[in-house]
Enquirer: 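Here's a structure for you.
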Amino acid sequence: MAKSTLRKVTMAVLAPAMAIGATVGLASAPASAAVWNSCEQYGNTTLNGYTLYNNIWGSGAGSQCIWANSGTNWGVWANHPNTGGIKSYPNAKKVINKSITSLGSLSSSYNVTVPSSGSYNTSYDIWDTGYRYEIMLWVNKTGAVGPLGTSQGNVTLGGHTWTVYKGNNGSNDVFSFVRTSNSTSGTVNVLPILKWIKDTKGWFGNVTIGDLQFGFEITSSSGGLDFAVNSESVSSS
């Protein structure tokens, strides 16, 4: 089951940097010179209000390099072996820091280019400020990957139809919403999903939403594959 026991992206910036695959991957960046790139294990930077993380955290990982033209136009080249278990979650993070009831709106748009091979999902990873609850929104998936927990059935929320999974990884509760068909572009109205968890299901109370991350949860990408966020936006009020 392709799910971590603890999502390490939230602590990645605290970990010591390690050079992984430092001599490969950068050639896969766009022809226009990126304003930032890194092949370090936990390489990170902040661009126009988004924090980018290379975030290679899983065991048995291979090489991965991240590039960015901005906080909302970035990508990775990844060469992870064809073995089980999540190897990385390169992502761009936006900090929200508002309780659910104080949010008037929370939405995000995405446009990605992803490979046809490998094993991965493209997902939002949303955390409360106490890191007790994790809400994942999978907009596409390829290969041998699946969410943690047991199916709670289908629901149409935020402009999409999802299969919902509920589980716990030993450190926090995880609620995964897996889109019933793959999408590479669209808009997700996130707030109704949070309210459904809180008000309809009662799985948590009026928590404060901290990090909203968007990226690629990669299990395998043997031989080297390119993942790109062509555009992304997060807006809240």
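Model, not experiment: these values are computed from the prediction.
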Enquirer: Could you pull out the closest heavy-atom pair between Gly205 and Ile100, with the gap in Å?
Expert: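 Heavy-atom minimum between the residues: O-CD1, 4.1 Å.
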Enquirer: Is it the case that Glu40 and Asn54 place a side-chain donor and acceptor less than 3.5 Å from each other?
Expert: no
Enquirer: Measure the spacing between CG of Leu137 and CZ of Arg179 and express it to the nearest 0.5 Å.
Expert: 11.5 Å
Enquirer: Would the distance check show the side chain of Gln64 and the main-chain N or O of Gly62 forming a donor-acceptor pair, the cut-off being under 3.5 Å?
Expert: no
Enquirer: Are the side chains of Tyr53 and Ile66 in contact, using a 4.5 Å heavy-atom criterion?
Expert: no
Enquirer: How long is the gap from CD1 on Ile96 to CD1 on Ile126, to the nearest 0.5 Å?
Expert: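 Atom-to-atom, Ile96:CD1 and Ile126:CD1 are 8.5 Å apart.
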Enquirer: Does some side-chain heavy atom of Arg132 sit less than 4.5 Å from a side-chain heavy atom of Val207?
Expert: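 When only atoms from C-beta onward are counted, Arg132 and Val207 do touch, with a gap below 4.5 Å.
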Enquirer: Evaluate the criterion side chain to side chain contact (heavy atoms under 4.5 Å, CB included) for residue pair Leu225 and Ser117; output intermediate values, then yes/no.
Expert: CA-CA 8 Å; Leu225 298 175; Ser117 59; 3.7 Å; yes
Enquirer: I'd like to know whether NZ of Lys94 has more than 12 heavy-atom contacts from other residues, nucleotides or ligands below 6.0 angstrom.
Expert: yes
Enquirer: Once side chain to side chain donor-acceptor pair (under 3.5 Å) is applied, what residue pairs with a partner in residues 194-208 remain, sequence neighbours excluded?
Expert: Thr101-Asn206
Enquirer: Flag the pair Trp138 / Glu217 as yes when at least one side-chain heavy-atom distance between them is below 4.5 Å, and no otherwise.
Expert: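 Side chain of Trp138 against side chain of Glu217, heavy atoms only: contact under 4.5 Å found.
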Enquirer: Just so I know, are the side chains of Tyr133 and Phe175 near enough to count as touching, which here means a heavy-atom distance under 4.5 Å?
Expert: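 A side-chain contact exists here, since the closest heavy-atom pair is under 4.5 Å.
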Enquirer: Has Ser221 got a side-chain atom pairing as donor or acceptor with Gly224's backbone, closer than 3.5 angstrom?
Expert: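 Here the side-chain-to-backbone pair does not exist.
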Enquirer: Side chains of Ser63 and Asn79: any donor to acceptor distance under 3.5 Å?
Expert: no
Enquirer: Does the side chain of Thr187 come under 3.5 Å of the side chain of Ser109 through a donor N or O and an acceptor N or O?
Expert: yes
Enquirer: Return the minimal non-hydrogen interatomic distance between Ala92 and Gly71, and the atom names on each side.
Expert: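 Closest pair (atom of Ala92, atom of Gly71, distance): CB-O, 3.8 Å.
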Enquirer: Could you see if Leu191 belongs to whatever hydrophobic cluster contains Val95? Use Ile, Leu, Val, Met, Phe, Trp, Tyr and a side-chain cutoff under 4.5 Å.
Expert: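 No, separate clusters.
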Enquirer: Any chance you could measure Leu212, atom CG, to Lys93, atom NZ, to the nearest 0.5 Å?
Expert: 11.0 Å
Enquirer: Please step through side chain to side chain contact (heavy atoms under 4.5 Å, CB included) for the pair Asn111 and Thr184, ending with a clear verdict.
Expert: CA-CA 6 Å; Asn111 183 298; Thr184 55; over 6 Å; no
Enquirer: When you measure from the side chain of Asn82 to the backbone N and O of Ser220, does any donor-acceptor pair fall under 3.5 Å?
Expert: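 Pair absent, no side-chain N/O of Asn82 close to backbone of Ser220.
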Enquirer: What pair of heavy atoms forms the shortest contact from Ala68 to Ala34, and how long is it?
Expert: O-CB, 3.5 Å
Enquirer: How far apart are the C-alpha atoms of Asn97 and Thr129, what are their side-chain angles, what is the distance that settles it, and do they pass the side-chain hydrogen bond (donor to acceptor under 3.5 Å, both in side chains) test?
Expert: CA-CA 7 Å; Asn97 277 349; Thr129 51; 5.8 Å; no
Enquirer: List the steps and the verdict of side chain to side chain contact (heavy atoms under 4.5 Å, CB included) for Lys141 and Asn182.
Expert: CA-CA 7 Å; Lys141 60 184 177 69; Asn182 281 344; 4.1 Å; yes
Enquirer: Would you name the heavy atoms of Asn69 and Val35 that are closest together and state the gap between them?
Expert: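 For Asn69 and Val35, the tightest heavy-atom pair comes out as O-CG2, 3.5 Å.
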Enquirer: A side-chain contact here means heavy atoms from C-beta on lying under 4.5 Å apart; do Ser123 and Asn91 qualify?
Expert: no
Enquirer: Once rounded to the nearest 0.5 Å, what's the spacing between atom OG of Ser176 and atom CG of Asp125?
Expert: 8.5 Å
Enquirer: Kindly indicate, with the supporting measurements, whether the criterion side chain to side chain contact (heavy atoms under 4.5 Å, CB included) is fulfilled by Trp67 and Trp36.
Expert: CA-CA 6 Å; Trp67 57 265; Trp36 175 76; over 6 Å; no
Enquirer: For Thr180 and Thr161, test the side chains for any donor-to-acceptor distance below 3.5 angstrom and give the result as yes or no.
Expert: no
Enquirer: Under 6.0 Å between ring centres: does that hold for Phe214 and Tyr124?
Expert: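 Between Phe214 and Tyr124, the centre distance is under 6.0 Å.
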Enquirer: Give me the atom names and distance for the closest heavy-atom approach of Val155 to Phe177.
Expert: CG1-CE2, 4.2 Å
Enquirer: Let me confirm one number: the NZ-CD1 distance from Lys87 to Ile218, rounded to the nearest 0.5 Å.
Expert: 10.0 Å
Enquirer: Assess the pair Phe227 and Tyr120: is the distance between their ring centroids shorter than 6.0 Å?
Expert: yes
Enquirer: Any side-chain heavy atom of Trp74 within less than 4.5 Å of one from Thr72?
Expert: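 The answer is no; the side chains never approach within 4.5 Å.
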Enquirer: Do the side chains of Tyr110 and Ser183 get nearer than 4.5 Å, heavy atoms only?
Expert: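 Yes. Closest side-chain heavy atoms under 4.5 Å.
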Enquirer: Measure from the side-chain N and O atoms of Asn172 to the backbone N and O of Gly170, and report whether any donor-acceptor pair falls under 3.5 Å.
Expert: no
Enquirer: Heavy atoms, side chains only, cut-off 4.5 Å: are Val234 and Ser108 in contact?
Expert: yes
Enquirer: Backbone N or O of Pro90 within a donor-acceptor pair of the Ser88 side chain at under 3.5 Å?
Expert: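 No; zero donor-acceptor contacts below 3.5 Å.
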Enquirer: Tell me if the aromatic rings of Phe216 and Trp77 count as close, with their centers under 6.0 Å from one another.
Expert: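 Between Trp77 and Phe216, which both carry aromatic rings, the centre distance is not below 6.0 Å.
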Enquirer: Which atom pair, heavy atoms only, marks the closest approach of Leu106 to Ser236?
Expert: CD1-CB, 3.7 Å
Enquirer: Measuring from Trp162:CH2 to Ser181:OG, what's the distance to the nearest 0.5 Å?
Expert: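 Taking CH2 in Trp162 and OG in Ser181, the distance rounds to 10.0 Å.
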Enquirer: Just by modelled atom types, is the Val174 backbone N or O under 3.5 Å from a matching donor or acceptor in the Asn168 side chain?
Expert: no
